[in-house]
Number of protein chains: 2
Amino acid sequence: MNPPSKPERTRLTAEDWEHGALEMIAEEGVGALAIEALARRLNVTKGSFYWHFRNREALLQAALQRWENNDETEVLAKIEPIADPRQRLRAMFDFVARELPSHRIYAALLMALDHPAVQTLMARVSERRMDFLAAAYREAGLDAAQAQHRSRLTYASYVGFMQINMTLGLPRLSHEEFDAYVDHVTETLVP
Amino acid sequence: MNPPSKPERTRLTAEDWEHGALEMIAEEGVGALAIEALARRLNVTKGSFYWHFRNREALLQAALQRWENNDETEVLAKIEPIADPRQRLRAMFDFVARELPSHRIYAALLMALDHPAVQTLMARVSERRMDFLAAAYREAGLDAAQAQHRSRLTYASYVGFMQINMTLGLPRLSHEEFDAYVDHVTETLVP
DNA sequence: ACCTGAACACCGTTCAAGT
DNA sequence: ACCTGAACACCGTTCAAGT
């Protein structure tokens with residue numbers, strides 16, 4: 001939908017602002033999303049922002065909604081059809097290591113859970129991911145209660161690993177260490 | 001003569017500001033720590049803040065340092081001497097369920113990892129907790145590499161569980177569900 | 001339909017002046 | 001040694017006026 005226009009065009013749509021917001025979030029986190037800085041980036045004055053959105057919160061929500069609809073469902077579409085839970089768990093962890101924009105946003109959102117709008121979104125995302133993990137564990141032979149617990153543990157270990165791995169100052173895993181760790185997780189968690 | 005109806009004393013120390021900061025963080029999160037609001041709470045003007053601290057960042061760091069020195073080491077002192085790793089893991093998870101101020105701060109910090117000062121602190125905290133988990137797993141018979149992986153997985157599941165459990169909109173576990181979950185985690189992770 | 005530019009409120013920060 | 005009160009900068013928000 002991007003018209004082949006000059007980079008310094010000054011006529012924008014709400015979608016342009018949302019894309020810009022997601023870029024800022026991916027690069028510098030949710031806290032760095034500022035209307036004035038974003039307006040500078042888009043070569044307009046901050047006043048024009050308010051023709052498109054009621055306020056900063058509305059932009060954040062619209063941007064997060066766009067991310068959930070596009071990137072997030074795209075990721076799920078890739079992982080969900082994997083029938084074997086061992087392969088599925090590995091696919092989830094593998095995604096963490098990749099530097100795709102979608103994961104940078106996911107990581108940024110995990111670090112900004114003190115924003116109510118982020119919490120609401122992440123509640124949906126977490127529930128969805130745990131649900132299909134639980135389904136996989138049932139296919140793999142666990143009963144309903146065990147599958148529920150195991151999916152919670154799996155998703156928690158996934159979220160927690162991202163937190164640990166993305167915390168500055170903590171040594172990041174090498175490629176070999178990461179593979180060995182994922183092997184260990186798979187052997188420990190997958191029946 | 002003393003004016004009798006003045007509500008609180010108006011002579012403060014740096015420590016008073018740090019305690020007030022930790023209260024605000026526990027109640028409303030790191031993002032809600034504002035000098036003006038805190039000054040109102042302490043019945044002084046915001047100008048006086050700058051006699052005690054260079055800026056907001058310095059207050060945040062001093063408050064976090066105080067938390068690490070007091071509450072955090074206190075928690076560790078309770079958990080660290082538990083020899084049996086099964087009991088130790090359970091103790092860690094049990095702490096999550098309690099509503100002590102220290103845990104509210106720990107949870108608030110987990111939700112504000114986009115602040116560099118918080119990241120630096122949490123890197124230390126994570127490393128310390130993983131180190132003594134790894135020691136416990138070695139005592140329990142795992143080799144060094146396995147103990148390292150297992151401690152990472154254990155701490156990740158602990159951090160991730162807090163995240164999931166504290167996300168608004170997600171159904172919180174009942175007391176029975178929590179116990180059953182901790183049983184499941186213990187059986188799955190502890191050799 | 002979208003943008004500018006001036007205005008205002010809020011909060012972090014500075015500083016001279018108070019006790 | 002600690003605080004006040006006025007000032008300024010920055011950013012979110014509003015709005016009348018521009019194209």
Side-chain angles (χ1 to χ4, degrees), chain A residues 1-25 27-64 66 112 114-118, chain B residues 1-25 27-64 66 112 114-118:
Chain A
M1 284 306 175
N2 274 347
S5 57
K6 308 170 190 277
E8 66 271 14
R9 66 184 168 142
T10 48
R11 219 67 179 185
L12 302 175
T13 67
E15 203 176 329
D16 294 322
W17 285 91
E18 291 164 17
H19 279 130
L22 287 176
E23 276 174 26
M24 288 191 84
I25 291 172
E27 288 166 15
E28 305 179 72
V30 174
L33 175 57
I35 293 168
E36 200 159 14
L38 185 50
R40 266 195 303 275
R41 226 169 135 124
L42 297 173
N43 290 310
V44 290
T45 56
K46 59 179 177 172
S48 74
F49 168 81
Y50 292 88
W51 191 88
H52 299 282
F53 297 95
R54 214 175 71 259
N55 52 25
R56 180 189 182 277
E57 186 64 19
L59 169 64
L60 178 58
Q61 296 214 18
L64 294 182
R66 174 170 298 278
D114 54 348
H115 291 68
V118 175
Chain B
M1 51 195 256
N2 285 334
S5 59
K6 270 301 171 192
E8 302 285 332
R9 64 182 177 135
T10 48
R11 220 67 180 183
L12 302 175
T13 66
E15 203 176 328
D16 294 322
W17 286 90
E18 291 164 17
H19 280 130
L22 286 176
E23 276 174 26
M24 288 191 83
I25 290 171
E27 288 166 15
E28 307 179 72
V30 174
L33 174 58
I35 294 167
E36 201 160 15
L38 185 50
R40 265 195 305 272
R41 225 168 135 125
L42 297 173
N43 289 310
V44 290
T45 58
K46 58 180 179 173
S48 73
F49 168 81
Y50 292 89
W51 193 89
H52 300 281
F53 297 95
R54 215 175 70 259
N55 52 26
R56 181 190 181 276
E57 186 64 19
L59 170 64
L60 179 59
Q61 296 213 18
L64 294 182
R66 175 170 296 278
D114 54 347
H115 291 69
V118 175

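A, B, ... follow the sequence lines: proteins, then strands. Residue 1 opens every chain. What you see is a predicted model, and the numbers here were worked out from it, not measured in a lab.
Set against D/dT4, C/dC2, D/dC2, the side chain of B/T45 has D/dT4 as its closest nucleotide. Closest approach to the B/W51 side chain among D/dA1, C/dT4, D/dC11 is made by D/dA1 (side chain taken as heavy atoms from C-beta onward). Residue B/R11 has its side chain nearest to D/dA1 when only C/dT13, D/dG12, D/dA1 are considered. Taking every side-chain heavy atom of A/A34 into account, D/dG12 is the closest of D/dC3, C/dC3, D/dG12.
Taking side-chain N and O atoms only, A/H52 has a distance below 4.0 Å to OP1 or OP2 of C/dC3. Side-chain N/O atoms of A/Y50 include none lying less than 4.0 angstrom from OP1 or OP2 on D/dT14.
Distance B/L12 CG to D/dC3 P: 5 Å, rounded to the nearest Å. If you measure from atom CG of B/L60 to atom P of C/dC11, you get 18 Å, rounded to the nearest angstrom. Rounded to a whole Å, the CG atom of A/N55 is 15 Å from the C1' atom of C/dA9. What separates CZ of A/F53 from P of C/dC3 is a distance of 11 Å, to the nearest Å. Atom pair B/E36:CD and D/dG5:P shows a separation of 14 Å (rounding to whole Å applied). The interatomic distance linking A/F49 (CZ) with C/dG5 (C1') rounds to 18 Å, in whole Å. Atom CD1 of A/I35 and atom P of C/dG5 are 18 Å apart (whole Å). We find that CZ of B/R54 is positioned 14 Å from P of C/dC15, with the value rounded to whole Å.
Across every strand in view, D/dT13 sits in a pair with C/dA7 that passes the Watson-Crick or G-U test at under 3.5 angstrom. Nucleotide C/dC2: paired with D/dG18 (Watson-Crick or G-U wobble, both distances less than 3.5 Å).
Shown are B/L38, B/L12, B/D16; of these, the side chain to side chain contact (heavy atoms under 4.5 Å, CB included) with B/V44 is made only by B/L12.
Nearest-nucleotide mapping onto DNA chain D: of A/S48 and A/R40, the residue sitting toward the 5' end is A/R40.
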